[in-house]
Amino acid sequence: MSPAVAVDRLLRQLAIERGLSAHTVAAYRRDLAGYVAVLEARGVTDASAIVRADVAAFRSALADRGLAASSVARHLSAVKALHRWLVDERVASEDVTRDERPPKLPQRLPKGISVSQMQRLLETPSGDDPAGLRDRALLELLYATGARISEVLGLDVDDLASEHGLVRVTGKGAKQRLVPVGSFAREAVEAWLVRGRPALAAKGRGGPALLLGARGGRLSRQAAWEIIQRVADEAGVEHVSPHTFRHSFATHLLEGGADVRVVQELLGHASVATTQIYTHVTADTLRDMYTTAHPRAR
């Protein structure tokens, strides 16, 4: 079996058996394409014949490209997944990446924005036309739920349980979770459903999608990104991305006294360790407040 064929079979398994999204599978494909290219350049035509020196050559190629440590770690993670699959499928007798360690990543604290900045963002879309109503519903949902942009765009009308103030979010690995939605977001979504969505739905085949684009289909990631950038520019808030809403959601909840395990559940994190990075952010905020306010802090 050639390395290229092995990659195709791994990706098929990831998509079908593990239920990974098309976006994630495409990312794996891009990262592994570089590995296959290095193997072919070294004359490796059989996946069972890959040796540690081939993996080292790929790692060296990544270093030569000057990639950030996070990018190198992501590429190596894909390669390790491939070799675990080769062993599981008995194509290879050993995992030649077993001793490979990813580069040490600098700790990057997530970047959120203040409550007042978020309020400015959410109040910026003021139009009563379908696009304005949709934009307001999009932003309110992102902040109210802390969901990933892909999760919000994947929402269907039937995922709403307005009478209970909940929304059903489908996350990574097709795992579903129920997330409360506050009154501001509920009102924005209701206005969109009643006064905005019907007009756009009539232009195309929106189907069950909650948020629609200009042609009536499900709102795309690119369109959502452009909406967020435009609103951020109008509001005068810098460095805003779709993930800013998720980071701010978690930080503001913890600053308001929410338990970290509750925030973990709301974010859909498999491990509380992933959520705990936000506790560092709130600790920094408390330290700054202490330094500013305490008469003997300096």
Side-chain angles (χ1 to χ4, degrees), residues 20-31 68 70-71 74 108-115 117-127 129-157 159-160 167 169-172 179 181 184-185 188-189 191-193 196-197 199-201 203-252 266-269 278:
L20 296 190
S21 69
H23 178 74
T24 301
V25 173
Y28 267 98
R29 186 179 296 281
R30 286 194 300 271
D31 292 343
S70 57
S71 295
R74 192 191 69 238
R108 292 184 179 181
L109 295 179
K111 295 180 180 179
I113 57 178
S114 68
V115 173
Q117 287 176 314
M118 180 60 71
Q119 185 172 348
R120 286 217 312 273
L121 273 179
L122 298 176
E123 292 177 350
T124 294
S126 56
D129 59 310
L133 293 170
R134 180 212 49 216
D135 295 351
R136 189 154 57 250
L138 168 67
L139 301 186
E140 288 283 4
L141 278 172
L142 283 170
Y143 182 55
T145 64
R148 303 172 180 88
I149 184 65
S150 58
E151 295 171 343
V152 170
L153 297 180
L155 289 174
D156 291 336
V157 175
D159 289 322
L160 302 174
V167 62
V169 177
T170 302
K172 294 183 177 180
V179 181
V181 179
F184 286 92
V189 171
W192 154 246
L193 288 174
R197 189 180 183 280
L200 292 185
K203 295 182 178 181
R205 298 181 178 177
L210 174 60
L211 298 171
L212 304 179
R215 296 181 180 179
R218 189 181 294 273
L219 187 66
S220 68
R221 289 175 67 99
Q222 181 178 354
W225 177 276
E226 291 172 354
I227 291 167
I228 291 168
Q229 291 302 303
R230 174 175 50 76
V231 171
D233 289 341
E234 292 176 7
V237 182
E238 297 182 344
H239 309 301
V240 175
S241 72
H243 232 55
T244 301
F245 291 82
R246 184 168 167 85
H247 293 325
S248 301
F249 168 86
T251 303
H252 297 167
L266 294 173
L267 291 174
H269 285 160
Y278 293 103

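Owing to the predicted nature of the structure, the values given are computational and were not obtained by experimental measurement.
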Taking the side chain as C-beta and beyond, is there a heavy-atom pair between Ser220 and Trp225 under 4.5 Å? no
Would Glu234 and Arg230 pass as an ion pair if we require N to O under 4.0 Å? yes
Any idea which heavy atoms bring Met118 and His252 closest together, and the distance? CB-CE1, 4.5 Å
Hey, what do you get for CG (Asp135) to CG (Leu139), rounding to the nearest 0.5 Å? 6.5 Å
Shortest non-hydrogen separation from Leu200 to Arg134 and the atoms involved: CD1-NH1, 4.1 Å
Quick one: does Asp31's side chain have a donor or acceptor within less than 3.5 Å of a partner on Tyr28's backbone? no
To the nearest 0.5 Å, what is the distance between CZ (Arg74) and CZ (Arg30)? 7.5 Å
Considering all heavy atoms of both residues, which atom of Ile149 and which atom of Pro242 are nearest to each other, and what is their separation? CB-CB, 3.7 Å
Nearest 0.5 Å, please: how far is NE2 in His243 from CZ in Arg148? 7.0 Å
Can you give me the closest heavy-atom contact between Leu193 and Arg197, atom names plus distance? CD2-CD, 3.8 Å
Can a donor-acceptor pair be found, under 3.5 Å and without considering hydrogens, that links the side chain of Arg136 to the backbone of Trp192? no
Using side-chain heavy atoms (C-beta onward) and a distance below 4.5 Å, is Leu160 in contact with Val189? yes
Determine, step by step, whether Ile113 and Phe245 satisfy the side chain to side chain contact (heavy atoms under 4.5 Å, CB included) criterion, reporting the C-alpha distance in whole Å, the side-chain angles of both residues, the deciding distance to 0.1 Å, and the verdict. CA-CA 8 Å; Ile113 57 178; Phe245 291 82; over 6 Å; no
Could you tell me the separation between the CG atom of Leu138 and the CG atom of Leu122, rounded to the nearest 0.5 Å? 10.5 Å
Pairwise distance CD(Gln119) to CZ(Phe184) - rounded to 0.5 angstrom: 8.0 Å
Run through Leu142, Val237, Thr244 and flag the one making a side chain to side chain contact (heavy atoms under 4.5 Å, CB included) with Leu121. Val237
All heavy atoms of Pro130 vs all of Ala199, minimum pair found to be CG-CB, 3.8 Å
Provide the closest heavy-atom pair for Ala224 versus Leu219 in the form atom of the first, atom of the second, distance. CB-CD2, 4.3 Å
Could you tell me whether the side chain of Thr145 reaches within less than 4.5 Å of the side chain of Phe249, counting heavy atoms only? no
Does any N or O in the side chain of Arg246 come within less than 3.5 Å of the main-chain N or O of Gly146, such that one atom is a donor and the other an acceptor? yes
Examine distances only and state if a side-chain atom of Arg218 and a backbone atom of Leu153 form a donor-acceptor pair shorter than 3.5 Å. yes
